[in-house]
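Contents: one structure, followed by commentary.
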Amino acid sequence: MELRNQTQSFFMMLACMFFFVGCGSYQVEGEDEPTDTSGPYGIDVTLSNAQLFTPLYPLHLYFFDTQGTVTWNEEVLTQSEWPVLSMPEGEYVFSVLSGLSSGDYLPPMSLNSKQFLTFSEGNHAKTPLAIGKNVIKLQKDIKVSVSLSYAVAALYLSFGGLPAEAVSVEARISPVSSGITLEGTLSNDGTFASVPCEKIKGVWKAGPIYVFPSEGLQTHLSLNVQTASEETVYGCFLIIRWRPESLIVLSVRAMGKYLWKETTR
């Protein structure tokens with residue numbers, strides 16, 4: 001009897017041991033494995049008005065972080081070379097520039113969103129610059145639409161009535177901006193653009209040439225007219241509201257009526 005009781009007790013203890021072991025915790029595969037939620041995430045970019053800009057390529061693409069530091073940039077030569085874009089989670093400014101490869105513009109020495117790109121010479125260009133940007137808060141794969149717009153104003157210049165013995169004519173227009181950031185902010189420093197003119201059928205002309213606008217109530221136009229013996233400067237003030245995408249046509253046929261003589265050397 002005693003042996004049977006001991007045997008029953010032994011099996012009860014053994015059953016309890018299996019019960020407690022069976023109720024222990026176990027790990028589901030992958031349950032506590034760390035998951036990467038910081039990306040990188042894909043960015044599908046569409047240029048919504050690309051058909052309005054001819055030529056469009058090459059394009060320069062830039063990603064700037066919240067400190068203005070460039071985190072990625074690339075030159076895209078053709079549509080077929082458009083890169084697959086992806087970035088880690090974060091907030092960025094995505095900028096697209098068209099016209100930067102023309103040689104008319106100088107990129108900033110430091111690729112930062114606050115630094116200014118400038119003109120190669122004369123504070124004007126023969127190729128227009130277009131810029132588009134979008135602020136991106138990247139937390140997942142997204143689609144982004146970017147609209148381009150011209151960052152420059154176009155000028156056509158035409159001057160008649162100048163001395164027949166003139167050998168060179170240079171127009172100076174002020175105020176203009178000397179630069180623009182890669183995000184599209186004008187320097188607005190009120191400098192001047194120097195534009196050489198060409199004599200065509202007795203009329204001195206230039207254009208289209210492109211300048212960065214600058215704020216100002218009046219625009220000053222001066223002409224440096226060089227002959228074999230002297231240099232004469234004519235000038236006038238104009239009411240022109242500069243803004244990007246402006247088209248300005250300045251046509252002067254009689255110097256004495258519209259532009260006055262300022263200096264003679």
What's the separation between atom [atom1] in [X] and atom [atom2] in [Y], rounded to the nearest 0.5 Å?
| X | Y | atom1 | atom2 | result |
| --- | --- | --- | --- | --- |
| Asp141 | Tyr41 | CG | OH | 8.0 Å |
| Ser95 | Phe64 | OG | CZ | 5.0 Å |
| Ser86 | Asp44 | OG | CG | 12.5 Å |

Can you give me the closest heavy-atom contact between [X] and [Y], atom names plus distance?
| X | Y | value |
| --- | --- | --- |
| Pro55 | Ser98 | O-OG, 4.0 Å |
| Gly160 | Val203 | N-CG1, 4.3 Å |
| Leu186 | Pro244 | CD1-CG, 4.4 Å |

Is it true that the side chains of [X] and [Y] contain a donor and an acceptor less than 3.5 Å apart?
| X | Y | value |
| --- | --- | --- |
| Asp65 | Thr71 | no |
| Ser101 | Glu75 | yes |
| Asn188 | Ser214 | yes |
| Ser120 | Asp104 | no |
| Thr78 | Ser80 | yes |

Decide if atom [atom1] of [X] counts as having more than 12 heavy atoms of other residues, nucleotides or ligands within a radius under 6.0 Å.
| X | atom1 | value |
| --- | --- | --- |
| Lys126 | NZ | no |
| Glu215 | CD | no |
| Gln51 | CD | yes |
| Glu165 | CD | yes |

(Q) Angle between ring planes, Trp82 versus Tyr57, binned at 30° and 60°: parallel, tilted or perpendicular? (A) perpendicular
Q. For Met109, what are the other residues in its hydrophobic cluster, where any two members join if their side-chain heavy atoms are less than 4.5 angstrom apart?
A. none
Q: Kindly write out the residues that satisfy side chain to side chain contact (heavy atoms under 4.5 Å, CB included) with Asn73, not counting sequence neighbours, or none if the list is empty.
A: Tyr62, Val70, Leu111
(Q) According to side chain to side chain contact (heavy atoms under 4.5 Å, CB included), who are the partners of Ser110, at least two apart in sequence or on a separate chain? (A) Asn112, Gln115
[X]: what forms a ring pair (Phe, Tyr, Trp, His ring centres under 6.0 Å) with it, not counting sequence neighbours?
| X | result |
| --- | --- |
| Phe53 | Tyr150 |
| Phe94 | Phe63 |
| Phe192 | none |

Q.
Working note: Ile136 + Val93, criterion side-chain contact (heavy atoms from CB on, under 4.5 Å); need CA distance, chi angles, decisive distance, verdict.
A. CA-CA 6 Å; Ile136 298 173; Val93 173; over 6 Å; no
(Q) Can you tell me which residue among Leu97, Leu129, Thr118 is in a side chain to side chain contact (heavy atoms under 4.5 Å, CB included) with Tyr105? (A) Leu129
(Q) Is any side-chain heavy atom of Val167 closer than 4.5 Å to one of Thr227? (A) no
